[in-house]
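Working notes for the structure below.
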Amino acid sequence: MSDDHGSSLISARVRHVEALLESRGLLDAGEIDTRIDEFAAGGTPANGARVVARAWVDDGFRDRLLADANAALPEVGLSMAGGLQEQRLKVVANGPDEHHVLVCTLCSCYPIALLGPSPSWYKSEAYRSRVVRDPRSVLAEFGLDLPAGTRIEVWDASAESRYMVLPRRPEGTEGLTEDQLAGLVTRKGLIGTAAV
Amino acid sequence: MTAYAPGDRVRTRTADPAGHTRLPRYARGATGTVVQVAGSHPLADDRARGLDVPAQPVYHVRFAARDLFGDGDHGVTVELWHDHLDHDTEGRA
C-alpha cells in the first residue's frame, strides 16, 4: 500500500481500490508510490530557478525561451518529456507593467518537471476559484502588493500546456553569478504569487 | 475546419455538457481573443468518454475580466479546443 493517505472519503476509496488491485495481483505492493516517484523524479523548483537565472544573464536564451520554451530547455539540460508524452511549456515574463500568475481552475495541472510537486494551496478550491476572479486581492494575501498600474494576467492551465512565470530580475543583483541568481528564485515566484 | 489565428475574436459555446469538459464554466458564452495556436490535440472532453477522436487545434484565448465577470481590470487566458468555440455566431476579426 502506498503512504501518505489523508482521511477524506476519496482517500478511503482509493485505499480500497488499491487493496483490491493488490489482492488480485494486478498491482504490486507499493507500486503506485514507485510510479509516482518515477514521474516526479528530478522535478524541483531548483530546475525552474535555473531556467530563470539563465534567462536573466543571457538575453538570447530569454528570447528563445519565450518564443519556444520546449526547444530552449535542453540548453540548460532540462525537458518537458518526462511523462507519457512531451508537454508543451509556455513561459510568461513579468515586466515593469505586467505580472503573470498561474492556476489550474479545473484540477491541479502544474509543470512538475520544472517546479516539483505543487503546493497544497495551489490545489485548494479557494485559490483556484478566487485567483481568476480577483487576482489582485489574492496576491495581496500572499504578501505581493502590486502597484495599481500593473496589469495582471492569469493563465488557466486546465488543458494541454503547462506554464511557468519568468520573474523580473531584482535590482542590485548585477554582481551575482548565475548560480547565486538561481538561489533567489522561489517556487511562488515561478507560479506568480511572489515577485521572485 | 479552418483554424483561427492570433488576433481573431472568438466566442465560446454556452452548452453545459453532461460529462467532463475543459471549457471552464466561467468562460462559457464569453468573447475573447486568440493569443496563440498551442498545437493540436484530441478533444479532452471526448477522450474522457473513451472516444478515439482526431486532433484539432488548441488555442490560448485571452478574455478581459470584465467580459467574464462584469468587472475587473485583469486578463484571463484559457486554453481551449477548436470545438469549444461557437463557429456560427462569431465571424473572424
Side-chain angles (χ1 to χ4, degrees), chain A residues 66-71 80 84-95 97-111 125 128-140 144 146-165 192, chain B residues 3-4 6 10 12-13 16-17 19-30 32-48 53-85:
Chain A
L66 297 179
D68 184 346
N70 293 78
M80 293 291 286
L84 296 174
Q85 60 183 19
E86 174 155 12
Q87 281 182 311
R88 182 172 177 278
L89 177 72
K90 182 174 177 63
V91 176
V92 288
N94 290 342
D97 303 316
E98 63 180 294
H99 181 88
H100 298 269
V101 60
L102 315 182
V103 64
C104 174
T105 61
L106 293 182
C107 44
S108 57
C109 296
Y110 192 77
E125 278 191 17
R128 287 159 46 205
S129 57
R130 291 185 59 222
V131 78
V132 285
R133 183 70 179 81
D134 187 10
R136 196 172 294 274
S137 298
V138 171
L139 295 179
L144 180 59
L146 294 170
T150 299
R151 192 181 78 248
I152 301 176
E153 294 291 336
V154 181
W155 294 81
D156 188 350
S158 55
E160 301 289 340
S161 296
R162 298 294 175 265
Y163 304 88
M164 191 183 85
V165 174
Chain B
Y4 293 101
V10 292
T12 57
R13 302 186 61 192
D16 185 14
H20 175 79
T21 179
R22 296 291 181 90
L23 172 55
R25 185 175 297 266
Y26 72 82
R28 285 185 199 155
T33 305
V34 173
V35 176
Q36 192 175 2
V37 182
S40 188
H41 297 277
L43 180 64
D45 310 26
D46 288 336
R47 288 178 64 201
V53 291
Q56 57 176 271
V58 179
Y59 311 99
H60 296 306
V61 181
R62 181 186 182 275
F63 300 91
R66 63 182 173 278
D67 290 335
L68 295 174
F69 309 116
D71 61 6
D73 56 6
H74 60 285
V76 180
T77 302
V78 184
E79 196 173 41
L80 298 172
W81 273 260
H82 192 78
D83 278 0
H84 289 140
L85 305 176

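These numbers come from the heavy atoms of this one structure, side chains and all, not from hydrogens, waters or symmetry mates. Here is the naming used below: chain letters follow the sequence lines, and residue numbers restart at 1 for every chain.
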Any Lys/Arg nitrogen of B:Arg22 or A:Glu160 sitting under 4.0 Å from an Asp/Glu carboxylate oxygen of the other?
no
Nearest non-hydrogen partners of [X] and [Y], listed with the distance:
X       : Y        : result
B:Val78 : A:Ser158 : CG1-OG, 4.4 Å
B:Val76 : A:Glu153 : N-OE1, 4.4 Å
B:Asp73 : A:Arg151 : O-CG, 4.3 Å

Output the distance between atom [atom1] ([X]) and atom [atom2] ([Y]), rounded to the nearest 0.5 Å.
X        : Y       : atom1 : atom2 : value
A:Cys109 : B:Glu79 : SG    : CD    : 9.5 Å
A:His99  : B:His74 : NE2   : NE2   : 12.5 Å
B:His60  : A:Arg88 : NE2   : CZ    : 3.5 Å

For [X], which atoms come within 4.5 Å of any heavy atom of chain A: side chain, backbone, both, or neither?
X       : answer
B:Tyr26 : side chain
B:Arg62 : side chain
B:Ser40 : neither
B:Ala38 : both

May I ask you to test the A:Arg133-B:Asp71 pair for a side-chain heavy-atom distance under 4.5 Å?
yes
Please check if the number of heavy atoms outside A:Arg128 that lie under 6.0 Å from its CZ is greater than 12.
yes
When the 4.5 angstrom heavy-atom criterion is applied to A:Thr105 and chain B, the contacting part is side chain
